[in-house]
Amino acid sequence: LRRKAFPSLEVRPTGEGSGLFASQNISAGTALGEYTGEVIGEAEMKRRANIVAHNHYLMALGSGNKYLDALRYSSLMRFANHKCGDNSAHTQQWDVAGETLQVVVATHDIKKGKEITWDYGKD
């Protein structure tokens, strides 16, 4: 997966900071990229969740007590903004060579220039 060529995406300013946008037309079901970050345990996640800068970049990894913190390092996927309702993407957990990955996938066709968004969920 990490060597796979993903569609061309770009980070651009939005009214609320930065967002992730399609640089080309993208078909539904296409993997847009992997959501990456520092792998941390539950206690550290809870500590970091109380720090305002961190709370937007934490994501559960698999069904265990591991989390991704994308604040310090990550992929372009950290710039995909939250949106309730009609989203262009969602995350899927993929098992690749015994490793659990969070992959962002297009939920429907995305036109060039459209913002990539997904619902982060209740947490």
Side-chain angles (χ1 to χ4, degrees):
L1 177 67
R2 291 190 177 136
R3 294 181 187 178
K4 178 181 170 91
F6 294 114
S8 179
L9 305 171
E10 62 185 352
V11 176
R12 296 195 323 222
T14 66
E16 301 179 14
S18 298
L20 188 62
F21 293 81
S23 299
Q24 66 184 73
N25 291 330
I26 300 170
S27 299
T30 300
L32 304 176
E34 181 185 353
Y35 191 92
T36 61
E38 179 184 5
V39 178
I40 58 175
E42 187 169 11
E44 182 63 11
M45 179 278 298
K46 287 179 179 178
R47 187 189 75 75
R48 292 182 186 186
N50 290 320
I51 302 170
V52 175
H54 274 84
N55 66 6
H56 298 291
Y57 299 109
L58 296 168
M59 179 184 286
L61 180 61
S63 59
N65 294 327
K66 293 187 179 180
Y67 299 83
L68 291 174
D69 181 351
L71 181 66
R72 291 189 182 107
Y73 70 91
S74 73
S75 66
L76 287 175
M77 296 303 107
R78 81 176 241 181
F79 293 101
N81 287 314
H82 169 77
K83 179 181 174 189
C84 293
D86 186 28
N87 290 289
S88 54
H90 67 280
T91 59
Q92 294 179 352
Q93 291 184 28
W94 290 8
D95 238 355
V96 178
E99 188 176 355
T100 301
L101 307 177
Q102 290 287 7
V103 180
V104 180
V105 178
T107 55
H108 54 75
D109 292 347
I110 303 169
K111 299 256 187 230
K112 179 180 178 178
K114 296 296 280 181
E115 185 174 8
I116 308 296
T117 61
W118 80 75
D119 186 342
Y120 294 169
K122 64 180 175 168
D123 296 327

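Quick caveat: nothing in here was measured; it's all calculated off a predicted structure.
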In this structure, CD1 of Ile26 is separated from CD1 of Ile116 (nearest 0.5 Å) by 5.0 Å
Looking only at heavy atoms, the pair that brings Pro7 and Ala31 closest together is CD-O, 3.3 Å
message = Could you check whether any side-chain N or O of Asp109 sits under 3.5 Å from a backbone N or O of Ser27, counting only pairs where one atom can act as donor and the other as acceptor?
response = no
- Query: Parallel, tilted or perpendicular: which fits the ring planes of Tyr35 and Trp118, with parallel below 30° and perpendicular above 60°?
  - Reply: perpendicular
Exercise for review: Give the cluster check for Val103 versus Val96: same hydrophobic cluster or not, with ILVMFWY residues linked at side-chain heavy-atom distances below 4.5 Å.
Suggested key: yes
Closest heavy-atom pair, Ile40 versus Arg48, reported as atoms and distance to 0.1 Å, is CG2-NH1, 3.6 Å
Between the CD atom in Glu44 and the CG atom in Leu58, the distance rounded to the nearest 0.5 Å is 9.5 Å
- Message: For a quick check under 3.5 Å, do Asn81 and Glu115 share a side-chain donor-acceptor pair by atom type?
- Response: yes
Residues Lys66 and Val39: closest non-hydrogen pair is CD-CG1, 4.1 Å
Note to self: Starting from Leu9, can I reach Phe79 by hopping between I/L/V/M/F/W/Y residues whose side chains sit under 4.5 Å apart?
What the structure shows: yes
OG1 (Thr117) and NE2 (His82) are apart, to the nearest 0.5 Å, by 9.0 Å
Verify the cluster assignment for Phe21 and Val105: are they in a single hydrophobic cluster under the rule of side-chain heavy atoms below 4.5 Å apart?
no
* Within the side chain of Thr100, is there an N or O that forms a donor-acceptor pair under 3.5 Å with the backbone of Gln93? -> no
Output for pair (Met77 CE, Met59 CE), nearest 0.5 Å, gives 10.5 Å
(request) Say whether, by atom type as modelled, one donor and one acceptor occur between the side chain of Thr91 and the main chain of Val104 under 3.5 angstrom. (result) no
Leu76 and Val11, any side-chain heavy atoms less than 4.5 Å apart: yes
One should read off an interatomic distance between Ser18 OG and Arg78 CZ, to the nearest 0.5 angstrom, of 9.0 Å
Next on the checklist: For a 4.5 angstrom cut-off between non-hydrogen side-chain atoms, does Glu34 reach Gln102?
Outcome noted: no
Closest non-hydrogen atoms of Ala89 and Leu32, given as atom of the first, atom of the second and distance, are CB-CD1, 4.0 Å
One should read off an interatomic distance between His90 NE2 and His108 NE2, to the nearest 0.5 angstrom, of 11.0 Å
